[in-house]
Each structure stands twice: as C-alpha cells, then as structure tokens.
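Written below as structure tokens is the structure these notes are about.
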2 protein chains.
Amino acid sequence: MDQSLICPRFEKAITLLSKRWTGLIIYQLLNGPQRFCTVESSIGISGKVLSDRLKDLENEGIVKREVIPETPVRIEYSLTEKGLAMEPLMKEIEKWSQEWLEA
Amino acid sequence: MDQSLICPRFEKAITLLSKRWTGLIIYQLLNGPQRFCTVESSIGISGKVLSDRLKDLENEGIVKREVIPETPVRIEYSLTEKGLAMEPLMKEIEKWSQEWLEA
DNA sequence: ATAATTACTTACATAAAGTAAGTTAATAAT
DNA sequence: ATTATTAACTTACTTTATGTAAGTAATTAT
C-alpha cells in the first residue's frame, strides 16, 4: 500500500531543500556572487559541509563555480539561472516567517 | 567577522524546512487531516522519525494531534492555521520543480 | 627560503536517521 | 475470561550525516 501520489519532481525539490544548509546557501547567494569564506562565515557552516554542499549544488546545476586567478586565488560561487529561479520560493518562506514566527 | 545579516525569523523557517521530512509531512497534510500510518506509507518515512517530527511540529504549533476514540483508536494529524499558511510556499516549490526539474 | 592567504581535504568524534522488534491500549472474537 | 487484532508508538541497535580541528596545495610577497 505504497500509493505515493506525490509528484516526483516536487519530491526531489523538497528533498534538495531538506538537506541541511542547502536553503541557506542558496538564499545567501541571492545576494550575488561571493567567495567560499564569505558564505562560510555569513551562515556559520563548517568548511567541510560547505564544500560538500557546493559540489552537490554544482552537480544539480544550481550553483556555478568560477576561479579568478588573483593573489591569492579567488573562487566565486554564484547562482545559475536555475538557482536564481528560486527567489520567489525564498520570498514566500520569508513572508511566512514574518507572519508566523516571533522575533 | 560573523556578520550574520540573515533575518533570524527567516533562518528559523528555513532551518525548520531543512530538517529531513518536515516539508514532505506538511505537504502531505495539506491534503487534509490524516492518520499516522497514512502519512507514514505515503511519504515512506520510518515510524520512529515520523513520531519525532510530528512532535516537533506540534511543539511549533504547525500540526495538531487529535485522538478519536474509535475501534481501534484513531489519531488524526492535521495542520493548524500556521501550518496551512505554508501552502503558498509549497506551491512555489512545486512551480520551481515543474519548471526546472526533469520528470 | 620562509611566510601568508584562500580553498579546500582528511581523520576522527558526535548527532541524526534507518531498521526491526517490542510495548501499550482499546476492543472483538472465541 | 482469554486470546487475538490493530494502530500508534518506543526501544535497542546500526548506518549515515554533520561537526571539529588539523593538515595540504597553490600562489605570491618578503
């Protein structure tokens, strides 16, 4: 009796967002391209997990990684079109949180 | 250099949704009140974790638990107003998934 | 040659989730 | 009265995920 009526695409999306940190990383990157250490310190994630997540998100086509040969080397992470398309979704989370959660 | 510019309410909301299964449980309950075993089999979560999550969500005021003295006893879980208010958010996730993920 | 900086990686410890068996409580059948 | 049945959990144990802290690679400045 495993009648999964849940759309597999929706399930995949929510599974993505249900991974710890994923949502916050995307939200943070909506502020524009930024480097590893900026994301790390602004959301308080460990370097190890951030490294994992950014790879996952790159594989999903949500995040883009760009090496900028400066001194020392700078690496910029940014959202792809697919990632940027999550903005309305994030706005809805924001809305809900402002209406239903206490400060 | 820990300049967390992220709104604490938003952070709490996304932390909630970043817990494995939370989003799917809420989504499933948008179909209307239902019992433990229905949620369990429709989303494929283990009884143990479902039990934990439903307690968390009850404590957050998102889910309501009602004992119905039938034979055998039936327990119905449903969304509160706060939980129902997540529908637009879920719809946005659905939209994104339909536009950006493959079937 | 040595030090400094960013972006990682590795080894190890702790916490969360999965599995399967067991418990409780309310009847219902024998 | 005893046994069985069913839903809703719990508990004990295993596996997986995350956290912490130290280490490495590459590049350039001194």
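All of these numbers come straight from a predicted model, not from anything done at the bench. Proteins come first, then strands; the chains are lettered A, B, ... in the order of their sequence lines, and each starts at number 1.
In this entry the distance linking CD of A/Glu70 with P of D/dT28 reads 11 Å, nearest Å. Distance, B/Glu40 CD to C/dA17 C1': 14 Å, rounded to whole Å. Rounded to a whole Å, the CG atom of B/Leu50 is 13 Å from the C1' atom of C/dA17. Rounded to an integer number of Å, the gap from NZ of B/Lys48 to P of C/dA21 is 16 Å. Spacing between atom CZ of A/Arg74 and atom C1' of C/dC8 amounts to 17 Å, rounded to whole angstrom units. Rounded to whole Å, atom P of D/dA17 lies 15 Å from atom CD1 of A/Ile45. Atoms CG (B/Leu54) and C1' (D/dC9) sit 11 Å apart, rounded to a whole Å. The separation between B/Arg20 atom CZ and D/dT16 atom P is 11 Å, rounded to whole Å.
A 6.0 Å sphere centred on NZ of B/Lys64 holds no more than 12 heavy atoms belonging to other residues, nucleotides or ligands.
For the residue pair A/Glu58 / A/Tyr77, no side-chain donor-acceptor distance below 3.5 Å is found, with atom types taken as modelled.
Between A/Leu57 and A/Ile26 the shortest side-chain heavy-atom distance falls below 4.5 Å. Counting heavy atoms from C-beta on, the side chains of B/Glu87 and B/Lys91 come closer than 4.5 Å.
Side-chain proximity of A/Arg35 to C/dT6, D/dT18, D/dC9: nearest is C/dT6. Minimum atom distance to the side chain of B/Ile75 is reached by D/dC9, of the listed D/dT20, C/dA17, D/dC9. When the nucleotides D/dA8, C/dG18, D/dT18 are ranked by their closest atom to the side chain of B/Val49, C/dG18 comes out on top. You'll find that the side chain of B/Phe36 is closest to D/dC9, out of D/dA12, D/dC9, C/dA7.
Nearer the 5' end of DNA chain C, as judged by each residue's closest nucleotide, is the contact made by A/Val73, out of A/Ser51 and A/Val73. Mapping B/Pro69 and B/Gly47 onto DNA chain C by nearest heavy atom places B/Gly47 at the nucleotide closer to the 5' end.
An OP1 or OP2 oxygen of D/dC9 is reached within less than 4.0 angstrom by a side-chain nitrogen or oxygen of B/Tyr77. Between B/Arg53 and the phosphate of C/dA17, there is a side-chain N or O to OP1/OP2 separation shorter than 4.0 Å. Phosphate proximity of C/dA7 to A/Lys55: absent, as no side-chain N or O sits under 4.0 Å from OP1 or OP2. Close to D/dC9, at under 4.0 Å from its OP1 or OP2, lies a side-chain N or O of B/Arg65.
Tracing side-chain contacts under 4.5 Å through hydrophobic residues (I, L, V, M, F, W, Y), one reaches A/Val67 starting from A/Leu29; they form part of the same cluster.
Across all strands, B/Lys19 comes closer than 4.0 Å to no nucleic acid atom at all (heavy-atom distances).
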